[in-house]
Every structure is written in C-alpha cells, then in structure tokens.
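Below is one structure, written out as structure tokens, with a few remarks after it.
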Amino acid sequence: MSFDIALWLVQDGVTNGAIYALLALAMLLVFAVTRVIFVPQGEFISYAALSLALLQAGRLPGVVYVLVGGGLVAAALDIALALREKAPARLPRIVALYVLVPCVMAALAWWAAPRSVGLPLQVLIVLGLVVPLGPILYRVAYQPLASASVLVLFIISMAAHYALTGLGLVFFGGEGLRSEAFSDARFKLAVLDITAQSLWVVGASFVLMFALRLFFEKTFYGKALRATAVNRIGARLVGIPAELSGSLSFLLAAFIGAVSGILISPITTIYYDTGFLIGLKGFVGAIVGGMGSYPLAVAGSIGIGLLEAFSSFWASAFKETIVFTIIIPVLLWRSLRSRHIEDEEE
Amino acid sequence: MNALLEVDDLRVYYGKVEGLHRASLRVPEGSIVTVIGPNGAGKTTLLGAIMGLLPSAGSARYAGADLAGTKTEARVGLGLSLVPERRELFGEMSVEDNLRLGAFHRFRKRGVDLESELTAIYARFPRLEERRAQLAATLSGGERQMLALGRALMARPRLLLLDEPSLGLAPRIVRDIFRIITELKKTGVSILLVEQNARAALQVADYGYVLETGEIVLEGEAAGLASNPRVIETYLGLAGKVIAT
Ligand SMILES: Nc1ncnc2c1ncn2[C@@H]1O[C@H](COP(=O)(O)OP(=O)(O)O)[C@@H](O)[C@H]1O
Ligand SMILES: [Mg+2]
C-alpha cells in the first residue's frame, strides 16, 4: 500500500468515524438518561438522508405521513392521560406539540418540494420533519414502560426499529438515493486530495459535539438532563419529570441522527434500511468507549471508522465482519477489567 | 383545623413482604413531628410512600388534597421535599449545580431569583459556599448532608421530610444539623423528622411517634414520650446518650 492510499483511507476513515462518534454520543446520552439502548437511531439517519434526496428531486418525502400519524397517536395517548389525571390545562400544549408542529412541518415540506428552495432551507425542513419523531417515538413506545428493566426497554427498541424500518420501506420505497454534494470543491494538501464533503462532515460533527458540551455544562435544562443521568432518584426528588428528560434526550438523539443522515447522504447511497448498519457502528464505538465515557466513545468511533476504511482496502469482503468482531475482544477485556453496566434499581 | 399532612392506614409491600403496616400520623402546619424507631422499622419506607417513590395503599392527604395518583415530581411542586437517607446527590456535578437544580420545579414556572436564593443558602451553610465549585462526590459526610438539606430548601418546601439527617455524622455536626432544624421551623417550614437518634429528635420535636416493625406502637407530645419508661428503656438508654452528646 502506498502512502497516498494510506492517507486517502485515513481521510475516509476519519470522515465516517466522525459520524459514528456523533451517533455514539447520542447512544450514550439516551442510555444514561433513560436506560434505553437506542436501536432505532439508524432509522433517523435513513429518514433524514432519504428526505433530503427526495426534496432535491422535487418530491414530497413520505416521512410526513409518519410524522403526522405518529404525532396523532402521541397526542391521543397524552390527551387520555391528561383527562384521566383531570388536568385539562395540559390539552393546548399537547395539541400544539404533537398535532400542530407536525402538520406545519408537513405543509412546509409539501410547499417546498416542487420548488428549488436551496440547500439550507431544505436541510432545515428535513430537520423539522425528522427531529420531532424522536419525542414522538419516546412518547408512544417508551414512556408507558419507562420504569421497566433494561431488557424490556431493549426489546421495545428492537420492535421500534423493525416498525420504523417497515414504515421506511412503505413510505420511501426500496430504491437507494443519494443527495447532491454540499459543494464540489476539492482541496489539494500535499499528496492529499480532500473533498469538501469530508470537511463538512468532520467540521459539522465537531461543531455539534462542542455545542452539545456547552448545552450540558451551561444550560439549566442540560444540567437537569445530566442530573437525571447521574442520579435518577435525586432528579425525581428535585422535581425533574422523568418524561421531560426522556423526551429531551430523544429529541437530541433524533437531531444527531438526522444531522448524520444529512451529512452522509451525498457520500453514500442510502436505502430505507442503510441507517441501521451505520447506527450499529456508532453503537460499537460507544461500547469500545465503555458505554459511559464520552471522550473514549469519540476515540473509539474514529478508531472504528479507520478500521473499517483499512479493512475495506485489504479484505473488502470481510469489512463488516472485522468491524463487528472487534466488539468481542473489547467486551471480554472490559468485562474482566472494569465495572459492569448493571441493571440498576429494582 | 386539619393537619398539613394526614396519613391514614398507609401500607407498603415489597413483593409479599410488608414494609409498612397501617401507619397513621399527622403533621400540623408549622410543627416538627418525629418518627423514631430501630433499624428496619419502616421509617424510610414511610417517607418513600409519602413522597410517592413507593406504591402504597391507604391514604395520604397533603394540604387537604389526596396525594394518590400524584407523581413524585408533582409532589415536589406542591411543596413536599425529601432529604433521603442516602442523600441521592448529583455526585459528578458541582455543589452549586446541585443547589440550583434543587429549584428545578420553580425554575420551570419562571420568575424565580435563584441568585438571592443561593445567597441565603450559603449564609446558612458557609461550608457549601467554600466548596461551591467542588464536585458533590468529593464532599465529606457532614458536607453531603448539608448539601442535601440545602438542595431540598432550594425547592422552598412547605413540608420537609428528613430521613435520619444525623446518620453517620460526628457529634459536632449532628448538633449543627439539629440547630438548623429548629431554625427552619421558625421560618414556618413544617418538618417530619425520622431518626434513630431518639434523644436529639425528641428534644427538637413537638410531637412524636414510635415505629416498630412497620407499626406505630406509641405516640404523644415529644416531652411526654421522652419521659415514657418504655421509650427511655429502648431508645434513650446508654446507647442513645452516647449518640446525643
Ligand atoms: N427494597 C426493599 N426490598 C425488600 N424489602 C425492603 C426494601 N427496603 C426495605 N425493605 C424492608 O422493609 C422494612 C423496613 O425498611 P426501612 O423502611 O428501610 O426501615 P428503616 O428506615 O426504619 O430502617 C425492613 O424489614 C426492610 O428489610
Ligand atoms: Mg431508613
């Protein structure tokens, strides 16, 4: 292997690794706050990537039906709960969040699809369509069983993953799509030929990680979320509602998933089920990082990206095998060395 | 007039094991009521049920309204605040963040001045101000108890539930804690104090209950209980004296 090829593989590995790192962070966040292993993360990637490609092709993304439908189910559940708890004051807020927001976003997408509104607005519309699905998913699938064991929550995650993949097939179809590159620029750096898209991916990932850090360290709600992750009982005792933390962590995870999908859509052809594999690699990164440490998870994810790039060069048929097999020695080593992630409480 | 907290026939089960067997008690507004009893009597269970952390049967009424179906987080909003036996601090966060988060439910309703509130807490607990930037997990036992109390006070409780605030603390700090409890009463906070340190608890309390194996076996004015032969023999004997000095 020549030096040029090695550098090119590093660029490829770091680009993908940055995405895996974002996904790993979302995975850790959701797990720490809600004890949910966020398997459906991948669907947010697919949904966002496909929606962007469809908008650019002048078609209405089918995700609008998932959004409006899911919003109605979530609203129905919340309205029933509010009536049972005799708290009608909550109704306007429920309707605004779960019915109005999805409908407005769907209308916006419907308006924008046949026009060429430009990339920035398209990206915002895609975020508006996909991100609210996070809290909706939490409300519908997880909140009713929020205090169940990690295993039960994991089973819910698998079900949610299959349901969302199925909906993806119905509403996006089986065809693979790729969106237009954000920019065609290329930069020559010594022997390295860096594409603008790689810079976009790595740059946006690190900006987002930095923004997340600020959110958790500087804002009151960020601190409340961290408090829930640190001590769930303590959080309840100061009046932080578990549903609020859960909803917020899913909102952030959905945002991260959607941004990842938007970033990779010009690099990779995305099918309705492609996101799952990408999300799984973020998960492997999180595990390499011990499912608890954010910096280690970022390092682990970049390592996964590099491993994947180099193994696709040397043994492309075994690329995925190598990436997922790495989990076994890592887990063995961890289970011998460090504390276990246990099923806390009850 | 009705009491601020009225608990009637409260029962709690851990699976098939009964943790609390038909407990009834009253906390009148503005008073300190203590529940004393040995380890395993059900004191923590009682407070957990009042706070909604544990499912229970029977009734608990607060300020005239039934608490059934009200979640813990909402009870905090109503003015109940628990300082748990295990403190449940946010260990990997700073002392000041712990305190600020104590005011979470009021922050959500807007219009609260957390800074002046923090100043007031620091005036009461100067040690916490010295350690404001330190992580809660690095505090000593006494400081952790102060922080747990301070965090609960940031919620501006009307009824403060204290679970063994003197547990595992040096005698000097125990005295500080009980002094603060009496000071809090003067500011109008009602207090339900659970203790194994019966002597100190009966000194600060207006009324007391004795809980044994999940049942209230004795109750009365605190002074009367302190001179009850049975209480003296079981709770104020030599062991009690050593703790209280
Ligand atoms: N999580 C639990 N599971 C099963 N039994 C419990 C649990 N917590 C407490 N108990 C039992 O309930 C009884 C009361 O415990 P507790 O309320 O902690 O007593 P205290 O606070 O007075 O020491 C004890 O017999 C204890 O063993
Ligand atoms: Mg106890």
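This is a predicted model, so every value here is computed, not measured.
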Residue-level interface, residues 207-228 of chain A with chain B, non-hydrogen cut-off under 4.5 Å: A/Phe220, A/Tyr221, A/Lys223, A/Ala224, A/Arg226, A/Ala227

For chain A, the option from B/Leu101, B/Val76, B/Thr72 that forms the most heavy-atom pairs under 4.5 Å: B/Leu101

Counting only heavy atoms not in B/Arg86, do more than 12 fall under 6.0 Å of its CZ? no

Looking only at B/Leu80, B/Asp97, B/Thr70, the option with the highest number of non-hydrogen pairs under 4.5 Å against chain A is B/Asp97

Is chain A contacted by the side chain of B/Leu89, its backbone, both, or neither, given a heavy-atom distance below 4.5 Å? backbone

How about CD on A/Glu85, more than 12 heavy atoms from neighbouring residues, nucleotides or ligands closer than 6.0 Å, or not? yes

So, the part of B/Arg151 with a heavy atom under 4.5 Å from chain A: the answer is side chain

Heavy atoms of other groups near B/Arg11 CZ, more than 12 under 6.0 Å: yes

Do you know which of B/Gly91, B/Gly102, B/Ser94, B/Ala155 has the most heavy-atom pairs with chain A at a distance under 4.5 angstrom? B/Gly102

Heavy-atom distances under 4.5 Å only: say whether B/Leu114 touches chain A with side chain, backbone, both or neither. side chain

Within this structure, what is the CG-CG distance for the pair B/Leu53 and A/Leu237, rounded to the nearest 0.5 Å? 5.0 Å

Non-hydrogen contacts under 4.5 angstrom with chain B: give the residues of residues 134-146 of chain A involved, or none if there are none. none

Measuring only between side-chain heavy atoms, which start at C-beta, is B/Glu73 closer than 4.5 Å to A/Glu243? yes

Contact part of A/Ala229 toward chain B, heavy-atom cut-off under 4.5 Å: side chain, backbone, both or neither? neither

Can you tell me how far CE of B/Met93 sits from CG of A/Asn231, rounded to the nearest 0.5 angstrom? 11.0 Å

Honestly, the part of A/Val238 sitting under 4.5 Å from a heavy atom of chain B is both

